[in-house]
Novice: 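My structure is below; once you've seen it, I'll send some questions.
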Amino acid sequence: MEIIYSSIYHIDFEEEEIKYIEINGDDIIEYIENIIKEMTENKSVKKFNVKRDTTEIISISNQFVSGANTVNDDGTIALTSDFEEECSEKIATKLLKSEKLAQQRIDRMNKKVKKGSLIQLFVEDNDVYKFILVKVEHEEYLNTETLKRQAGLPLNKKILKSCIIEYNEENEIKDIFLYDSSSSISDYWYNLFLELEAIRDDTKNTGDTITKVNKIIKRELAEHPKEEFETKNRLKGYFLTKDEFYLDEFVQIVFEPIKQMNNNIDVEEIEEKVKNRISKYCDGQFSIDKEIINKNKPDTFFITEQISLIVNGECGSRIVSEMEDGKRILKVIGVPQKVYDVFVRTE
């Protein structure tokens, strides 16, 4: 991957100031390279559409691509440093205005838009262009020499918002991916600043993701009933307890425990299938629609803190209770072989 252009601006909407930071030194170059790696490998993204080609950020991104593909008479490309700096400043100013407007909207709720720095990158990756915008929130720390509070870019556990505009070989926009590590993707980021609109809503994402992942679990773990049962339970638990879906996190929580249960199962292959399937048909980040999760909610009987009995409909005499040696016993009659195998007691 070749970095054609990069810039950093500190954004301070309270002081109504943007400050250009010169990129020099190994540390900041390594920091930017790590940002690129994180963003391009991240699967927990949400796809967005362009509202119109004339919006400021999209227009500038397209101009970068056009300039990189236009050759002057002397053999140089038309993308000049003056143009790059002018456009970079326009983008930083647009974010400043967007953050200021967002803060005005949330003032009455005693909330604050977090201050941060905007990293802008124009890169060529496998013969296609990508325009990348990343806002990294500042983190406060005490200076070890002055012992005064300062703010800076965090090295670890970065809280950031990102946008990757990917172009195809014909230099047309192919995909736009957004990510927000702190919560659902902020309105001021995708709407006020980038002027984009989501392709899929949260309701569709929630329902489609559950359906497609359940099909993969059923197919890939068909010969392992216990692992299938527990993996489906972890899937349900994730959607019941989380407000925001992150694909990488989801795969880690739901599928990684299989490795401890059965080392004969190729968990990495299953995880890759899940990531590819979701990336193709759903978003890798979205707010979970709890109405979908709770729709047609079955009757649930809590037996212990670890065990619940869920009944979706009429069960007739297949579930019976008995007393045996002074103990209350619950029996489920006529279970399928796969279910029976999950609970076989081994001596």
Side-chain angles (χ1 to χ4, degrees), residues 3-23 32 35-36 39 45-68 79-107 111-123 129-138 151 153 158-167 172-173 175-199:
I3 301 176
I4 300 173
Y5 175 76
S6 61
S7 71
I8 299 179
Y9 279 86
H10 293 331
I11 311 295
D12 189 340
F13 63 87
E14 291 180 335
E15 298 296 328
E16 297 189 25
E17 177 184 64
I18 60 170
K19 183 179 180 182
Y20 173 77
I21 305 300
E22 187 174 352
I23 298 175
I32 290 174
I35 287 283
I36 294 175
M39 292 302 95
V45 293
K46 187 177 179 70
K47 276 189 177 184
F48 279 74
N49 266 339
V50 176
K51 288 183 179 180
R52 55 190 181 279
D53 289 336
T54 55
T55 57
E56 189 168 11
I57 305 303
I58 295 301
S59 176
I60 289 174
S61 177
N62 288 339
Q63 288 177 60
F64 264 82
V65 173
S66 176
L79 192 64
T80 65
S81 58
D82 287 344
F83 170 81
E84 292 169 339
E85 291 169 8
E86 178 186 352
C87 289
S88 182
E89 184 175 336
K90 286 181 180 179
I91 291 174
T93 302
K94 177 74 182 295
L95 179 57
L96 173 73
K97 293 177 179 177
S98 300
E99 290 189 346
K100 184 179 179 182
L101 179 56
Q103 186 58 54
Q104 292 172 353
R105 292 180 176 180
I106 64 174
D107 260 340
K111 293 183 178 181
K112 285 279 190 182
V113 173
K114 299 291 183 65
K115 293 182 182 179
S117 295
L118 178 66
I119 300 174
Q120 304 179 46
L121 301 160
F122 181 54
V123 304
Y129 294 109
K130 295 180 181 179
F131 196 76
I132 303 173
L133 300 172
V134 182
K135 177 191 173 181
V136 184
E137 292 184 3
H138 291 166
L153 296 172
K158 295 181 283 292
I159 298 177
L160 48 81
K161 306 178 193 304
S162 69
C163 170
I164 299 179
I165 304 172
E166 291 189 1
Y167 289 80
E172 300 169 335
I173 293 178
D175 290 304
I176 302 177
F177 299 104
L178 268 61
Y179 170 72
D180 193 326
S181 64
S182 60
S183 62
S184 59
I185 298 172
S186 301
D187 178 82
Y188 84 81
W189 181 252
Y190 79 84
N191 186 22
L192 298 180
F193 174 49
L194 297 167
E195 298 180 80
L196 302 172
E197 56 188 5
I199 295 176

Novice: Do you know which two heavy atoms are closest between Lys111 and Gln103, and how far apart they sit?
Specialist: O-NE2, 2.9 Å

Novice: With rounding to the nearest 0.5 Å, note down the distance linking CD1 in Ile11 to NE2 in His138.
Specialist: 8.5 Å

Novice: Which residues pass the salt bridge (Lys or Arg N to Asp or Glu O under 4.0 Å) test with Lys161, sequence neighbours left out?
Specialist: Asp180

Novice: Among Ile199, Ile185, Leu194, find the one that has a side chain to side chain contact (heavy atoms under 4.5 Å, CB included) with Phe48.
Specialist: Ile185

Novice: Work out which heavy atom in Ser88 is nearest to a heavy atom in Gln120; give both atom names and the distance.
Specialist: O-NE2, 2.9 Å

Novice: Does the side chain of Phe131 reach to within under 4.5 Å of the side chain of Asn62, using non-hydrogen atoms?
Specialist: no

Novice: Taking the basic N atoms (NZ, or NE/NH1/NH2) and the acidic carboxylate oxygens, is any pair closer than 4.0 Å for Glu16 and Lys100?
Specialist: yes

Novice: Taking atom NZ of Lys51 as the centre, does the number of heavy atoms from other residues, nucleotides or ligands within less than 6.0 Å exceed 12?
Specialist: yes

Novice: Kindly check if the number of other-residue, nucleotide or ligand heavy atoms within 6.0 Å of CG (Asp53) is above 12?
Specialist: no

Novice: Checking side chain to side chain contact (heavy atoms under 4.5 Å, CB included) for the pair Ile21/Ser117: CA distance, chi angles, key distance, verdict?
Specialist: CA-CA 9 Å; Ile21 305 300; Ser117 295; over 6 Å; no

Novice: Which of these, Ile57, Ile165, Ile119, sits in a side chain to side chain contact (heavy atoms under 4.5 Å, CB included) with Leu133?
Specialist: Ile57

Novice: Strictly below 4.0 Å, N to O, side chains only: are Lys135 and Glu99 in salt-bridge contact?
Specialist: yes

Novice: How far does NZ of Lys46 sit from CG of Leu178, to the nearest 0.5 angstrom?
Specialist: 10.0 Å

Novice: What distance do Leu118 atom CG and Ile8 atom CD1 have between them, rounded to the nearest 0.5 Å?
Specialist: 9.5 Å

Novice: Check whether any side-chain heavy atom of Tyr9 sits under 4.5 Å from a side-chain heavy atom of Leu96, and report yes or no.
Specialist: no

Novice: How close do Val123 and Ile132 get, counting heavy atoms only, and between which atoms?
Specialist: CG2-CD1, 4.3 Å

Novice: Closest heavy-atom contact between Ile173 and Ile58?
Specialist: CD1-CG2, 3.9 Å

Novice: Would you say the side chain of Val45 lies within less than 4.5 Å of the side chain of Ile164, judging by non-hydrogen atoms?
Specialist: no

Novice: Could you check if a side-chain atom of Ile176 sits within less than 4.5 angstrom of a side-chain atom of Asn49, using non-hydrogen atoms only?
Specialist: no

Novice: Under a plain distance cut-off of 3.5 Å, with no hydrogens placed, do Ser61 and Tyr167 share a side-chain donor-acceptor pair?
Specialist: yes

Novice: Drop me the distance from Phe13's CZ to Leu95's CG, to the nearest 0.5 angstrom.
Specialist: 10.0 Å

Novice: Between atom CE of Met39 and atom CG of Leu121, what is the distance when rounded to the nearest 0.5 Å?
Specialist: 11.0 Å

Novice: Using the salt bridge (Lys or Arg N to Asp or Glu O under 4.0 Å) criterion, which residues pair with Lys115? Sequence neighbours excluded.
Specialist: Asp12, Glu14

Novice: Taking the side chain as every heavy atom from C-beta outward, state whether Glu89 and Tyr20 have any pair of such atoms under 4.5 Å apart.
Specialist: no

Novice: So, for Ser162 and Trp189, which heavy atoms are closest and what is the spacing to 0.1 Å?
Specialist: O-NE1, 3.3 Å

Novice: How long is the span from the CD1 atom in Ile60 to the CD atom in Glu84, to the nearest 0.5 Å?
Specialist: 12.5 Å

Novice: Is there a side-chain contact between Phe193 and Cys163 (heavy atoms, below 4.5 Å)?
Specialist: no

Novice: How would you list, by chain and number, every residue that makes a side-chain contact (heavy atoms from CB on, under 4.5 Å) with Phe83, sequence neighbours excluded?
Specialist: Gln63, Phe64, Leu79, Thr80, Cys87

Novice: Mind checking whether Lys94 and Ile18 have side chains closer than 4.5 Å, heavy atoms only?
Specialist: no

Novice: Taking it one step at a time, do Lys97 and Leu101 satisfy side chain to side chain contact (heavy atoms under 4.5 Å, CB included)?
Specialist: CA-CA 6 Å; Lys97 293 177 179 177; Leu101 179 56; over 6 Å; no

